[in-house]
Protein chains: 2
Amino acid sequence: MGRRSDHSRAELEELILAEAHALMAEVGFARFSAREVAKRIGYSIGTIYNVFGSLDRLVLAVNSRTFIAWAGLVRARLDAAGADRVAALVEAYFDFAEANPNLWMAIYDHRLPPDAPFPEGYFRQRAELTGLVEAEIAAILLPAKIGTAAALARSLVAMVHGHCVFALNGTFALLGETDARGAALARAREVLAAQ
Amino acid sequence: MGRRSDHSRAELEELILAEAHALMAEVGFARFSAREVAKRIGYSIGTIYNVFGSLDRLVLAVNSRTFIAWAGLVRARLDAAGADRVAALVEAYFDFAEANPNLWMAIYDHRLPPDAPFPEGYFRQRAELTGLVEAEIAAILLPAKIGTAAALARSLVAMVHGHCVFALNGTFALLGETDARGAALARAREVLAAQ
DNA sequence: TTCTTATATTGAACACCGCTCATTTATGTG
DNA sequence: CACATAAATGAGCGGTGTTCAATATAAGAA
């Protein structure tokens with residue numbers, strides 16, 4: 001059937017995706033290219049497009065893989081956490097981003113064309129991370145305020161995200177800030193104490 | 001001297017920059033191109049490079065212009081603000097970003113190569129916005145805690161930034177959040193009350 | 001006026017990019 | 001063997017950033 005190797009379609013998809021993920025980690029979103037992925041796995045550019053259809057969808061797949069790894073780390077840290085679960089969440093958020101800056105930033109660097117709809121499973125993935133946070137928040141809140149847990153979780157994630165963005169893109173360094181995660185955690189504690 | 005029109009060098013630089021700024025507002029960072037700028041002002045691509053040297057520096061100039069306009073709006077809102085100056089800051093931050101999403105996002109979408117140093121005046125510009133916030137924070141803080149104003153200002157800006165990013169990139173919409181600025185302001189109030 | 005000089009401006013050329021699709025290659029089947 | 005089916009190719013298209021020898025023009029000198 002024209003296979004030049006013994007790769008099944010699923011194996012080929014995995015081969016491409018793994019190399020694409022590695023390239024993204026190495027060079028970042030701006031220098032990522034489908035042609036370079038093809039070159040590195042020894043296939044032609046056409047094969048990439050046969051399997052993934054477009055660069056957008058390949059990047060989406062790369063980012064999806066990154067997101068799964070990220071959520072996995074957060075979950076693992078939470079499972080291993082002691083009493084201070086909020087600290088565990090913040091640390092896990094920062095640790096992943098700082099250990100994989102190009103992969104993490106690619107999640108937010110890539111934007112699909114304005115008309116294109118969110119792909120299948122996109123929502124579920126994002127909601128998983130927020131869901132972990134929401135569960136922890138709900139466990140802390142007074143019973144009367146549990147209804148606000150979801151909104152508060154989104155807000156806290158945004159807050160930590162802002163600190164993480166500034167830590168990775170150099171804004172904090174430029175402004176003399178050296179402890180982004182400490183600041184994020186302090187803010188989270190103050191916000192939670194106020195509920 | 002080979003001028004094909006009566007533009008002085010400074011006027012030509014302004015002509016290019018104005019058109020580049022307009023193009024960035026129209027199409028955003030991902031679709032921005034020096035060739036399109038050249039086409040729109042009726043000059044050749046070479047002229048753009050004679051004046052700005054590289055795409056990086058052109059984008060930097062565009063973003064600098066955006067940043068000046070943004071800081072100007074924040075300052076104006078602060079001058080016109082009543083007692084609730086924190087609300088004025090948050091509103092101004094969001095209003096500019098939402099009124100000029102492509103310009104605002106370009107500031108953070110663009111990253112200079114890792115080896116390249118920050119250009120002249122880069123720090124001063126960023127520090128201006130943070131400085132406005134810092135002054136307001138310092139006016140609120142107890143005298144004993146004024147030394148923490150700078151760090152707290154950076155942290156609060158990061159916090160609002162995170163909310164603004166999620167509002168513009170669709171993350172909040174995906175998660176069912178509709179009031180990003182309200183959430184940002186509520187967090188800011190809680191954090192400040194805790195100091 | 002004409003000539004010279006300095007500079008503003010050009011745009012073809014190069015190496016890359018995403019993307020398409022007619023063509024080739026290889027396999028399993030009858 | 002021949003046929004059908006599917007995998008894989010890569011030249012070609014229109015785009016990008018970037019360079020730089022060549023050109024065009026204005027100002028000053030003779």
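Lettering of chains follows the sequences in order, A, B, ..., and the numbering in each one begins at 1.
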Side-chain N or O of A:Thr47 less than 4.0 angstrom from OP1 or OP2 on D:dA8?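 The answer is no; no side-chain N or O of A:Thr47 sits under 4.0 Å from OP1 or OP2.
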
Taking only the side-chain nitrogens and oxygens of B:Tyr49, find out if one of them lies under 4.0 Å from OP1 or OP2 of D:dG17.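 No, outside the criterion.
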
Identify each donor-acceptor pair in which a side-chain atom of residues 135-142 of chain A lies under 3.5 Å from a protein atom, sequence neighbours left out, and give them as a table.
residue	atom	partner	partner atom	Å
A:Glu136	OE1	A:Arg85	NE	2.7
A:Glu136	OE2	A:Arg85	NE	3.3
A:Glu136	OE2	A:Arg85	NH2	3.3

At a heavy-atom distance below 4.0 Å, what parts of residues 50-57 of chain A sit against DNA chain D?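 Output list: A:Asn50.
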
Quick one: side chains of residues 112-123 of chain B, donor-acceptor pairs under 3.5 Å with protein atoms, not counting sequence neighbours, listed by atom name and distance.
residue	atom	partner	partner atom	Å
B:Tyr122	OH	B:Arg126	NH2	3.2

Taking side chain to side chain contact (heavy atoms under 4.5 Å, CB included) as the test, write out the residues that go with B:Leu23, two or more places apart.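 In terms of side chain to side chain contact (heavy atoms under 4.5 Å, CB included), with neighbours along the sequence ignored, B:Leu23 is linked to B:Val27, B:Phe32, B:Glu36, B:Val37, B:Arg40.
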
For B:Ala193, which residues count as a side chain to side chain contact (heavy atoms under 4.5 Å, CB included) partner, sequence neighbours excluded?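 In terms of side chain to side chain contact (heavy atoms under 4.5 Å, CB included), with neighbours along the sequence ignored, B:Ala193 is linked to no residue.
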
Please tabulate, one pair per line, each protein N/O and nucleotide N/O from nucleotides 12-15 of chain C that are separated by under 3.5 Å, including the distance.
residue	atom	partner	partner atom	Å
C:dA13	N6	B:Arg35	NH2	3.4

Qualifying salt bridge (charged side-chain N to carboxylate O under 4.0 Å, His left out) pairs, either residue in residues 42-69 of chain A, two or more places apart: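 Only A:Glu14-A:Arg65 qualify under salt bridge (charged side-chain N to carboxylate O under 4.0 Å, His left out).
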
Could you list the donor-acceptor pairs under 3.5 angstrom formed between side-chain atoms of residues 100-108 of chain A and any protein atom two or more places apart in sequence or on another chain?
residue	atom	partner	partner atom	Å
A:Asn100	ND2	A:Phe96	O	3.0
A:Asn102	ND2	A:Ala25	O	3.0

Take the C1' atoms of the five end pairs on each side of the helix from C:dT1-D:dA30 to C:dG30-D:dC1, derive the two axes, and give their angle rounded to 10 degrees.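 Angle reported: 30°, given to the nearest ten degrees.
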
Starting from P on D:dA7, measure out to CG on A:Leu15 and report it in whole angstrom.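 Going from A:Leu15 (CG) to D:dA7 (P), I get 15 Å.
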
Using the test side chain to side chain donor-acceptor pair (under 3.5 Å), find all partners of A:Asp179 that sit at least two apart in sequence or belong to another chain.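 Side chain to side chain donor-acceptor pair (under 3.5 Å) check on A:Asp179 returns nothing, list empty.
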
Quick one: which residue pairs count as a ring-ring contact (aromatic ring centres under 6.0 Å, His included) with a foot in residues 73-92 of chain B, not counting sequence neighbours?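 For residues 73-92 of chain B: none.
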
Applying a 4.0 Å non-hydrogen cut-off, can you work out what A:Ser33 is touching in the nucleic acid: base, sugar-phosphate, or nothing?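 Sugar-phosphate, no base atom in range.
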
Suppose we screen for ring pair (Phe, Tyr, Trp, His ring centres under 6.0 Å). Which residues come up paired with B:Phe67, at least two apart in sequence or across chains?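 Only B:Trp70 meet the ring pair (Phe, Tyr, Trp, His ring centres under 6.0 Å) criterion with B:Phe67.
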
